[in-house]
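Notes follow the structure.
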Amino acid sequence: MYARFNTIFPVLALTIAALAPVAAAHAASNKHLFGDWGGLWTRLADDGIDVQAKYESDTAWNPSGGKSQAARYADQWLLAASLDLGKLANIDGAKVYVSLSRRDGRSLSKDAIGNQLPVQEIYGGGQDFRLDDLWYQQTFDQGHWEARFGRVHTSDDFAHFSCAFQNLGFCAAPYAILADSGWSQFPVAVWGVRIKYMSGPWYVQTGAFQVNPSYGRHANGFKLDFSGTTGVIAPVEIGVLPKLGAQNLSGEYKLGLYYDSSDTQDVYEDVTGRPAALTGLPARVRNGRYGGYVMAQQQLSTPSAGSTRGLTMFAHLTLADRNTALIRDSLTLGLSYEGPFAARAHDRAEFAVARYAFNERLAHYQRLLNTTAAGPVGVQGAETDFNLQYNLALTPWCTLGPNLQYVIHPNGLHTIDDAFVVGLQAKVTF
């Protein structure tokens, strides 16, 4: 009983603090919990220094389904600074960004459900203190060209999707890409470079990013050397950001391909090219892996031209290397309604569903393994996740996101009961 109370208490405390009437009128007009800090935030911004301090938590409980029932809590503290070198050092178009974070807590997906798509997006990255970003960015040719290099995350620029759900399947890059390549995602940074060209609503970009799984391990949050590097991932993406119709409805469409040079085990063949499940020999090693994605997001309605309020639809499709991929393909569909009520212009109601299909060659390996003494093992088919969430903007500095999730065939297995998840996401800007 004490452990469960200790898990839920931080979220309850944040809720009470957000709803407390103390200085409510003052709080409603500020973007930070403690206001402008006596004018400090404004002075720093005027000088070219934009500082952010944020807290986020994800609480999840599965009253039914999964391997067992439990409640888990995970959180993150973030401190970041963006430096405008045009103001600070007279270097036009130059910017430096640095961020630090601390993550704690446990994963309900790992501890109780046993599914692939984490039901708490804030969990991961070693659950420790780490350097998240340290990069330099420069624009050229009146903003048409942009270059960035340093400690970065591939998903900040490629296959990027804004994070407003508690389920990681609908947050940042599509999860299948993260599972089947050396793609890096916050908070685990790698050394990398990205070059982007923009012309009107169109852009094209490419880059090269280090693949180093050791960076994500606990106690490696400030590891900067190259030991543990397995290869380089090189993505290419072309996209368009149109404004449609008389109401200038915002859209975002992107097509991307990537190649990861890391050596990766084949999911079916052994070193001789025969079924590894039958021979018992080591898996064949493939020199590199690849994949692609299509992503679309389109605002469908708005109460007035240029407004962010209204209904938006999004869809993501991924396809990965059949020789090495855990998840061969995935499809995500969703709807988001910002400002569903005139009096709640900054709230957001959202619903999404994602189907992640495991590699049929992997399933064939598992079925063959079940004909030998090494079996039985589960045969993975597809996992489908649903996330219904309402992000309540209590103040400009505090958002609460109660949500319901449902997981069909966790980890693609019929042997794990479908899981129902009740969640609560909290975000506070200091």
Practice task
Mind running salt bridge (charged side-chain N to carboxylate O under 4.0 Å, His left out) on Asp128 and Arg103 for me, showing each step along the way?
Solution key: CA-CA 5 Å; Asp128 58 5; Arg103 284 187 169 184; over 6 Å; no
Exercise for the section: Go through Leu79 and Val51 one step at a time and tell me if the side chain to side chain contact (heavy atoms under 4.5 Å, CB included) criterion holds. Expected result: CA-CA 8 Å; Leu79 180 63; Val51 179; 4.2 Å; yes
Practice task
Step by step, work out the side-chain hydrogen bond (donor to acceptor under 3.5 Å, both in side chains) result for Asn287 and Asp263.
Solution key: CA-CA 5 Å; Asn287 301 123; Asp263 288 346; 3.0 Å; yes
Exercise for the section: Show the numbers, then the answer: is there a side-chain hydrogen bond (donor to acceptor under 3.5 Å, both in side chains) between Gln76 and Tyr123? Expected result: CA-CA 8 Å; Gln76 172 185 279; Tyr123 180 86; over 6 Å; no
Exercise for the section: Starting from the C-alpha separation in whole Å, work towards a yes-or-no answer on side chain to side chain contact (heavy atoms under 4.5 Å, CB included) for Val285 and Asp266. Expected result: CA-CA 6 Å; Val285 176; Asp266 191 285; over 6 Å; no
Exercise for the section: Begin with the C-alpha distance, continue with both residues' side-chain angles, and end with the deciding distance and a verdict on side-chain hydrogen bond (donor to acceptor under 3.5 Å, both in side chains) for Gln380 and Gln366. Expected result: CA-CA 8 Å; Gln380 293 173 287; Gln366 293 162 341; 2.9 Å; yes
Exercise for the section: Check the pair Gln425 / Leu400 against side chain to side chain contact (heavy atoms under 4.5 Å, CB included), numbers first and verdict last. Expected result: CA-CA 6 Å; Gln425 191 171 62; Leu400 289 181; over 6 Å; no
Problem - CA sep, side-chain torsions, deciding dist, call: Glu146, Gln205, side chain to side chain contact (heavy atoms under 4.5 Å, CB included) - result: CA-CA 9 Å; Glu146 183 178 271; Gln205 60 180 354; over 6 Å; no
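For the pair Ser107 (side chain) and Lys110 (backbone), a donor-acceptor distance under 3.5 Å is present. Asp385 places no side-chain N or O within 3.5 Å of a backbone atom of Ile408 that could act as its donor or acceptor partner. When atom types are taken as modelled, the side chain of Asn323 and the backbone of Arg286 share no donor-acceptor pair closer than 3.5 angstrom. A side-chain donor-acceptor contact under 3.5 Å links Asn387 to the backbone of Asn167. In this structure a side-chain-to-backbone donor-acceptor pair under 3.5 Å is present from Gln127 to Asp104. Under the 3.5 Å distance criterion, the side-chain polar atoms of Gln405 are matched with a main-chain donor or acceptor of Val119. Of the possible donor and acceptor atoms, none in the side chain of Gln120 sits under 3.5 Å from a partner among the backbone N and O of Gln166. Remark: the backbone N or O of Pro340 is not paired with any side-chain donor or acceptor of Arg309 at under 3.5 angstrom. The main-chain N or O of His414 is never found under 3.5 Å from a side-chain atom of His409 such that the two would form a donor-acceptor pair. A donor-acceptor pair is defined here as one N or O able to donate and one able to accept, closer than 3.5 Å; such a pair exists between the side chain of Thr264 and the backbone of Ser262.
Between Glu338 and Arg348, at least one side-chain N (NZ, or NE/NH1/NH2) sits under 4.0 Å from a carboxylate O, which counts as a salt bridge. Using a 4.0 Å cut-off between charged nitrogen and carboxylate oxygen, Asp75 and Arg102 do not count as a salt-bridge pair. Using a cut-off of 4.0 Å between Lys/Arg side-chain N and Asp/Glu carboxylate O, Arg130 and Asp132 are scored as not salt-bridged. Using a cutoff of 4.0 Å between basic side-chain nitrogens and carboxylate oxygens, Glu252 and Lys254 are scored as salt-bridged.
More than 12 heavy atoms of other residues, nucleotides or ligands sit less than 6.0 Å from atom NZ of Lys223. Heavy-atom neighbours of Leu335 CG from other residues, nucleotides or ligands within 6.0 Å: above the threshold of 12.
Put simply, the side chain of Tyr259 does not reach to within 4.5 Å of the side chain of Pro235, judged on heavy atoms. Side-chain contact between Pro174 and Thr332 is absent, with no heavy atoms from C-beta onward closer than 4.5 Å. Counting heavy atoms from C-beta on, the side chains of Leu278 and Thr372 come closer than 4.5 Å. No side-chain heavy atom of Trp145 sits less than 4.5 Å from a side-chain heavy atom of Gln138. Residues Asn370 and Val379 have side chains in contact (heavy-atom distance under 4.5 Å, counting atoms from C-beta outward). Annotation: side chain of Tyr268 is in contact with side chain of His364 (closest heavy-atom distance under 4.5 Å).
To the nearest 0.5 Å, atoms NE2 (His153) and OG (Ser99) are separated by 6.0 Å. The CG atom of Leu131 sits 6.0 Å away from atom CG of Leu100, with the distance rounded to the nearest 0.5 Å. Distance check: Leu413 CG to Phe358 CZ gives 7.0 Å after rounding to the nearest 0.5 Å.
With hydrogens and angles left out, the side-chain atoms of Asp270 and Thr279 include a donor and acceptor closer than 3.5 Å. At a cut-off of 3.5 Å, with distance as the only test, no side-chain donor of Tyr390 or Glu350 sits close to an acceptor on the other residue. In this structure, a donor-acceptor pair under 3.5 Å is present between the side chains of Gln210 and Thr229. Using modelled atom types, one finds no donor on one side chain facing an acceptor on the other under 3.5 Å when comparing Gln299 with Thr312. Side chains of Gln52 and Asp50: no donor on one and acceptor on the other come within 3.5 Å. Lys243 and Ser250 share a donor-acceptor pair across their side chains, judged by distance under 3.5 Å alone.
Note: Tyr55 and Trp77 have tilted aromatic rings, judged against thresholds of 30 and 60 degrees for the angle between ring planes. Note on ring orientation: taking the six-membered ring where Trp is involved, the planes of Trp183 and Tyr258 are perpendicular (angle over 60°, cut-offs 30° and 60°). Ring orientation note: the planes of Tyr356 and Tyr175 are nearly perpendicular, at an angle over 60° on the 30°/60° scale.
Ring to ring, Phe430 and His32 are not that close: their centroids are 6.0 angstrom or more apart. For Tyr203 and Tyr197, the distance between ring centers is not under 6.0 angstrom. The aromatic ring centroids of Phe314 and Phe161 lie less than 6.0 Å from each other. Aromatic pair His316/Tyr293: centroids not less than 6.0 angstrom apart.
Screening Asp321, Thr324, Asp260 for a side-chain hydrogen bond (donor to acceptor under 3.5 Å, both in side chains) involving Arg289 leaves a single residue, Asp260. When each of Arg284, Arg274, Arg322 is tested with Glu269 by the rule salt bridge (charged side-chain N to carboxylate O under 4.0 Å, His left out), just one qualifies, namely Arg284. The residue from Asp156, Asp157, Asp133 that alone fulfils the salt bridge (charged side-chain N to carboxylate O under 4.0 Å, His left out) condition with Arg148 is Asp157.
Geometrically, Arg151 does not engage Trp135 in a cation-pi contact defined by less than 6.0 Å to the ring centre and at most 45° from the axis.
By the side-chain hydrogen bond (donor to acceptor under 3.5 Å, both in side chains) test, Asp141 is found to be paired with no residue, residues two or more places apart in sequence or in another chain being considered. Taking the side-chain hydrogen bond (donor to acceptor under 3.5 Å, both in side chains) definition, one finds that Thr399 meets it with nothing, sequence neighbours left out.
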